[in-house]
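Because the structure is predicted, anything quoted here is derived from the model rather than measured. Note that these values count all heavy atoms, side chains included, but never hydrogens, waters or copies made by symmetry. All ligand and atom numbering here is 1-based and tracks the order in the structure.
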Amino acid sequence: MRPIGVFDSGVGGLTVVKELIRQLPNENIVYFGDTARVPYGIKSKETVIRFSIENILFLLKHDVKFICVACNTVSSFALPEIKHHFRVPIVGVITPGAREAVYATRNKRVGVIGTKGTIKSRAYENEIRQFDPAVKVTAIACPLFVPFVEEGWLGGEVVTSVVRYYLKPLKEAGVDTLILGCTHYPLLKSVIQEVMGKKVTLIDSAKQVAVEVQEILSNEGLLNKKGKARHEFFVSDNPEWFSNLARRFLGRPLRNVKKVTNV
Ligand code: DGL
């Protein structure tokens, strides 16, 4: 059974893995987290493309049948370029999230939050425009959210006031739909929902990409319908840090995270 390859700049892609395991329980998965070079969100486009190509070459050594880019920054910056270099199907998180947001909005005002890189690339705006040019997009970078999540600050006074500060322009713009355009943000969902109000629909790009992977595998005849799945996790540094954080992202601890040195 050839595995699905998944990569992210670090630990955040585990929110995508969680959804993949839930929606595709029979698929083998090989995950690579580039913990030696995280964060990608503040790096240049050229650097993100170079790192991504190296990460894909690593996954290809594991004979993956499909690659899921579980990182919004990579999907925004690098996906169109890296797709040209490989024959293996590669899917990112932007298109599925954008499509779902266009479907969900009633007032055609959509918000996007993400890393500085993702917001600067305007990838979500461009994608949303393809689906419906009438939708107005307000996009805001929230660079403090990733460290909050990694430190386990998922609520409380300080986090709530920072969330309120970042999301103010989105409230003022009257968005009725908000894309959580970063792998870490689903962990801040409850405080974001509280600040935005119950009527705003939050789009979890991790959830949507798993739906898309399922569809593509099924259409290409690559879906595994039976058998016990094997999940392997590799990082470029600090496997202990990754294993500890995995509990929060995946809902269970991870043993056997392997460090690779030659990515
Ligand atoms: N995984 C990244 C993303 O989804 C966030 C972390 C980083 O900056 O590398 O954009």
Top protein contact for [atom], by heavy-atom distance:
| atom | value |
| --- | --- |
| atom 2 (C) of ligand 1 | Cys71 SG, 3.5 Å |
| atom 5 (C) of ligand 1 | Cys182 SG, 3.6 Å |
| atom 8 (O) of ligand 1 | Gly41 N, 2.9 Å |

As an exercise, identify every atom of ligand 1 less than 4.0 angstrom from a heavy atom of Thr115. 5 (C), 8 (O), 10 (O)
May I ask you to list the atoms of ligand 1 that are less than 4.0 angstrom from any heavy atom of Val38? 9 (O)
Residues in side chain to side chain donor-acceptor pair (under 3.5 Å) with Lys83, at least two apart? none
For Asn26, which residues count as a side chain to side chain donor-acceptor pair (under 3.5 Å) partner, sequence neighbours excluded? none
Regarding Glu46 and Arg50, does a basic nitrogen lie under 4.0 Å from an acidic carboxylate oxygen? no
So which bit of Asp8 gets within less than 4.0 Å of ligand 1, heavy atoms only: side chain, backbone, both or neither? side chain
Measure Thr183 to ligand 1 on non-hydrogen atoms and call it side chain, backbone, both or neither using the 4.0 Å cut-off. both
With the side chain counted from C-beta on, respond yes when Arg164 and Lys171 share a heavy-atom pair under 4.5 Å apart, and no when they do not. no
Decide yes or no for Val6 and Val30: does some side-chain heavy atom of the first lie under 4.5 Å from some side-chain heavy atom of the second? no
Return yes when [X] approaches ligand 1 closer than 4.0 angstrom through a heavy atom, no otherwise.
| X | answer |
| --- | --- |
| Gly114 | no |
| Gly10 | no |
| Ser9 | yes |

Ligand 1 and His184, any nitrogen or oxygen pair closer than 3.5 angstrom? no
Run the side chain to side chain donor-acceptor pair (under 3.5 Å) test on Thr177 and Thr201 for me, step by step, so that the C-alpha distance in whole Å, both residues' side-chain angles and the decisive distance to 0.1 Å come before the verdict. CA-CA 5 Å; Thr177 304; Thr201 307; 4.7 Å; no
Check the orientation of Phe249 and His184. Use parallel for under 30°, tilted for 30 to 60°, and perpendicular for over 60°. perpendicular
Mind telling me whether Trp153 and Phe148 have parallel, tilted or perpendicular rings, with 30° and 60° as the class edges? parallel
Which of the listed options, Asn72, Ile119, Val74, Thr35, holds the heavy atom that is closest to atom 4 (O) of ligand 1? Asn72
Can you tell which of Asp34, Thr73, Val48 gets a heavy atom nearest to atom 10 (O) of ligand 1? Thr73
Do Asn72 and Thr118 have side-chain N/O donor and acceptor atoms under 3.5 Å apart? no
